[in-house]
Amino acid sequence: MEFIKMENDRAQFPFPYQPYNIQEQFMKSLYSALDQGKVGIFESPTGTGKSLSLICGALSWLTDYEERRRQEASVLLQGGEAALATSTSQSSTTSSSVEPDWITDFVQKKAERDLVSKLKEEELKRKRREERLEMIRNNVQLKYALKRKGCEDNEAFKLLQLSKEEQTEIPEDQEDDELIIAEYESDDESKRKSRFCEAEDDEDDELVEEHVTKIYYCSRTHSQLAQFVHEVQKSPFNKDISLVTLGSRQNLCINEEVRRLGSIQRINDRCMEMQKNKHEKQIHEEGVKRKRALAKTVCPYNKISALQEMRDEILGTVHDIEELLKLGRETHSCPYYATRLAIPPAQLVVLPYQMVLHEATRKAAGVKLKGQVVIIDEAHNLSDTLSCIHSAELTGAQLCRAYSQLTQYADRYKSRLKAKNLMYIKQILFVIEGLVRVLGGKVGHNPQSQTTQTGTEMLTINNFLFKAQIDNINLFKLQKYFEKSLISRKLGAFVEKYAGSGVSLHTQTNSNKENRRTEGLNRFLQTLQNNPSTAPVSSSDQQGSVETEKVLSASPMMQVEGFFMALTNSNTDGRLVVHRQGTLSESTIKFLLLNPAVHFAQVLKECRAVIIAGGTMQPVSDFKQELLFSAGVGEERITEFSCGHVIPPENILPLILCSGPSGQELDFTFQNRDSPHMMNETGRILSNICNVVPGGVVCFFPSYEYSRRIIAHWEASGALTRLANKKKIFQEPKAASQVEQVLSEFSRCIQRCALDSGGLTGALLFSVVGGKMSEGINFSDDLGRCVVMVGMPYPNIKSPELQEKMSYLDKHLPHIGGRTPGQALIENVCMKAVNQSIGRAIRHRSDYSSIVLCDRRYSRPATFSKLPTWIKDRTSIYTTFGPAFSAMRKFFLEKKHTQM
């Protein structure tokens, strides 16, 4: 194991192998940023060991920080005890001559006593935590004082057994107890809280944990998180770090009955219902007869002792999500709740973006950022991610369904709901009615048959509220009501119970109790179908009816709740896009967040340090302006680090082509790119490239539509056949589920061609910038010997959302370099997408590849400067095709001779 000492011997970086120089620099800069509480922007190209550098640098700092705190506490404790002893001694010597005032003496020594007591308590907790972890890691079976909880678990087991016995008919007015909203009390009216695992007032309850100093590592996808965990497992910290991986219920649930529900909303609803039933069961008075119906919805995997056992297993060994699921099944314990229990004592918490960046999700997961470190990896799209997480959209069909469902819910249970609940429900219905009115429709009628005047309208939040005539409603109070009453979940359970797969969507003539009970809901659901006829239907129609039923049975109230929350943003930070599309059902209202910094500010304020990392973070200046300065972060708190690639300069050949083989200027502007001459020239460029490049070539087009048009043109002209004679052609699939299959076939084809000296020389993959293969996919080695970028993927400037965003930036951000912030946004969006796509090829030190940018606009200084430094420094601009082709042929001939 190699060690790198920091200046003044402040830290050592354990590393599994001799690190590259850029990795040493990365870890030193990271350590310094964490130690000084900075906001760090770290750029390290893929293939340079960024994850391992983050792990070893950050965990080295955490180890040193904890040791330093331990030493400081020890010094303070010694000093405090000495001060108390001195004070006591002085009091004793003066007591014979002067009677001491014990009250004054008490006041004087209170601070010292409190400090010593606090330090002793913290030291005791730390020792207990370390001893317990040591016992866990040595596989010593821990015993807990769980007499009370053991009784509760036995009780749950008995109830589960009873639920399997014969069922008795429960009176109709009692069987829906779990669907009734509890009496609502606002914050002003009640101080009492009750949440899962808040039996923490027990003195000997080992679930009482305070949050230790920790690092939250978040990334975009679960696969990226799993990859990071595997890097931790390979690191020197594998045996010493307490790590927990968080995920959604959909990812971590092991209850097959719940998993079968499919959608994340249904899984969440069912799980929350089970938690509520368990909690209600726990607080029932002894001897009170329990209804058997409750036992059906108590989850058998949520036993405290099993959760504790799994929590300790998690803390003792580094697990990824797949291993957590396996462990949960072995211990018969819920991985979702066991991981939440493991958060407070964990040193490294690995979690998706949303759990850190969205405040409500953060609180629900038990994530506390105060004084902690957050590392946001793959952060090149952080601004867009924040905007997406905090935006919301509703269709006219969703609004009408929500209105109908809530109306029927209120009508059914109006005699059992408290007056305050009914008042808030009426307010929600009033707001929904106003939203439908803005779209040009009316509630209570079929949204598919209601026509609306086509058009798009952009409104500020205040103007939208006035237009909807809901400006007199306190949306903040409604938001609190949604949060505390769980009405969205109650309504979801109500709809699922009475509009499930067993209930027909058509009008029934039968008059049994079940049909009478659901008649109103069925009547509305029927109106939402394209063909509401009750006539016999064909098998294909029946299949469509089943699909419709699945869609319609889910409650859209969760989306309505999210939209209400969005409307509580500041008037200047967002806009409402009202998009009418001819019918009410297809028309939409979308909340567009213009200022993502307002939601990022809380993270930056609470955390000790925030590290924003990515393979390509360019352009950093605009990133800082929009996301950091706007959030109130001063320049002095920001630190930047950018390193080159580990590959030698001769292993990469980036080219900018300004013209093609026939001399046609390459200008893929919207006006020119559809011309036959431009399409033919692009085909000739690809044909020449395929002649000299071995293995795989990946060609990126600016959009799916242009990809379709140019490939159709080549098919008609015969250019596609000529390309297929040299390399087998693959296209990016439309369905995400088919990506793995296409990549697998693409890889196998290249491997076969490498072994076969005749015939095809490899494969050509047509992909799209911003598509399924432009990010997170590795085209290493022979899979990506050349990446071709056709044109520049500028966003649609006519988009109302983009125009509003540009207008907002122009108004609130300074103009730099003679360009407006809005113009800079367009260029930045384009170049971020380009940088992500061309970074797919070079994946490790000995890899090599060529990058071909086909458009003269890439040679413009402002555009050229936004390429990643490690590519930009090695890029050549060619005004004619001949010299570029010669350079490419020479590059691959040299690589061929080197490998022989």
Side-chain angles (χ1 to χ4, degrees), residues 1-6 9-19 23-24 26-28 30-31 34-35 49-74 122-123 125-142 209-217 225-246 309-321 323-324 327 338-339 341-351 372-375 377 608-609 611:
M1 185 186 297
E2 301 290 337
F3 288 88
I4 303 92
K5 291 188 177 182
M6 275 197 68
D9 290 333
R10 282 173 53 195
Q12 290 182 314
F13 296 111
F15 216 74
Y17 54 81
Q18 177 61 46
Q23 289 175 321
E24 295 179 14
F26 187 106
M27 289 186 287
K28 288 181 181 180
L30 176 62
Y31 188 103
L34 297 180
D35 210 41
K50 171 168 58 74
S51 295
L52 205 50
S53 299
L54 281 169
I55 292 164
C56 294
L59 294 183
S60 291
W61 171 82
L62 184 61
T63 304
D64 289 352
Y65 177 75
E66 285 298 322
E67 180 59 33
R68 193 160 62 240
R69 282 187 62 188
R70 198 173 296 129
Q71 292 173 0
E72 289 172 355
S74 178
E122 288 179 352
E123 180 68 9
K125 284 182 179 178
R126 182 187 63 78
K127 284 183 177 178
R128 287 178 62 189
R129 191 164 53 241
E130 289 177 353
E131 287 170 2
R132 204 173 103 223
L133 275 174
E134 190 62 31
M135 291 172 70
I136 293 167
R137 286 171 178 148
N138 291 330
N139 294 318
V140 175
Q141 181 63 43
L142 299 180
E209 293 273 8
E210 63 179 25
H211 283 248
V212 303
T213 303
K214 65 177 87 276
I215 294 169
Y216 289 102
Y217 171 90
L225 295 175
Q227 187 178 347
F228 179 81
V229 173
H230 294 154
E231 290 292 320
V232 175
Q233 290 172 333
K234 292 187 289 185
S235 79
F237 293 90
N238 179 33
K239 303 296 182 185
D240 305 317
I241 192 72
S242 296
L243 179 149
V244 58
T245 303
L246 303 183
E309 181 185 346
M310 185 172 177
R311 173 199 63 182
D312 291 335
E313 288 280 351
I314 291 168
L315 293 172
T317 310
V318 176
H319 298 87
D320 65 15
I321 280 189
E323 292 165 340
L324 286 176
L327 181 62
T339 52
L341 286 181
I343 294 173
Q347 296 165 292
L348 180 56
V349 180
V350 179
L351 67 173
Q372 310 290 21
V373 170
V374 166
I375 297 176
D377 202 359
R608 170 196 173 89
I611 304 299

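Everything quoted here is computed from the prediction, not taken from an experiment. Sequential numbering from 1 along the given sequence is applied to the chain's residues.
When all heavy atoms of Pro236 and Cys56 are compared, the closest pair comes out as CD-SG, 4.2 Å. Closest of all the heavy-atom pairs between Ala58 and Ile375 is CB-CD1, 4.0 Å. The heavy-atom pair separating Gln23 from Ser53 by the smallest distance is CG-OG, 3.4 Å.
Panel note: side chain Gln347, backbone Ile241; no donor-acceptor pair is recorded below 3.5 Å. A donor-acceptor pair under 3.5 Å is absent between the side-chain atoms of Lys50 and the main chain of Phe26, judged by distance alone.
Scored by the side chain to side chain donor-acceptor pair (under 3.5 Å) test, Tyr217 finds Asp377 as partners (sequence neighbours excluded). Take Glu323 and apply the side chain to side chain donor-acceptor pair (under 3.5 Å) test, not counting sequence neighbours, and it matches Gln233. Under the salt bridge (charged side-chain N to carboxylate O under 4.0 Å, His left out) criterion, Asp320 pairs with no residue, sequence neighbours left out. Evaluation of the side-chain contact (heavy atoms from CB on, under 4.5 Å) rule for Gln227 yields no partner, not counting sequence neighbours. By the side-chain contact (heavy atoms from CB on, under 4.5 Å) test, Thr63 pairs with Phe237, sequence neighbours left out. With sequence neighbours left out, the side-chain contact (heavy atoms from CB on, under 4.5 Å) criterion links Ala342 to Val244, Arg311, Ile314, Leu315. Residues satisfying the salt bridge (charged side-chain N to carboxylate O under 4.0 Å, His left out) criterion with Glu231, sequence neighbours excluded, are Lys234.
Rounding to the nearest 0.5 Å gives a distance of 11.5 Å between CD1 of Ile215 and OH of Tyr65. Asp64 contributes atom CG, which lies 11.0 Å from atom CG of Leu34 (distance to the nearest 0.5 angstrom). Atoms CZ and CG, on Phe228 and Leu243 in that order, are 7.5 Å from each other to the nearest 0.5 Å. Within the model, atoms NZ of Lys214 and CZ of Arg608 stand 14.5 Å from one another, a figure rounded to the nearest 0.5 Å. Here CZ of Phe13 is found 5.5 Å from OG of Ser60. Values are rounded to the nearest 0.5 Å. Here the CG-CG distance, from Leu59 to Asp240, works out to 10.0 Å after rounding to the nearest 0.5 Å.
Under the 3.5 Å distance criterion, with hydrogens and angles disregarded, a donor-acceptor pair is assigned to the side chains of Thr213 and Arg69.
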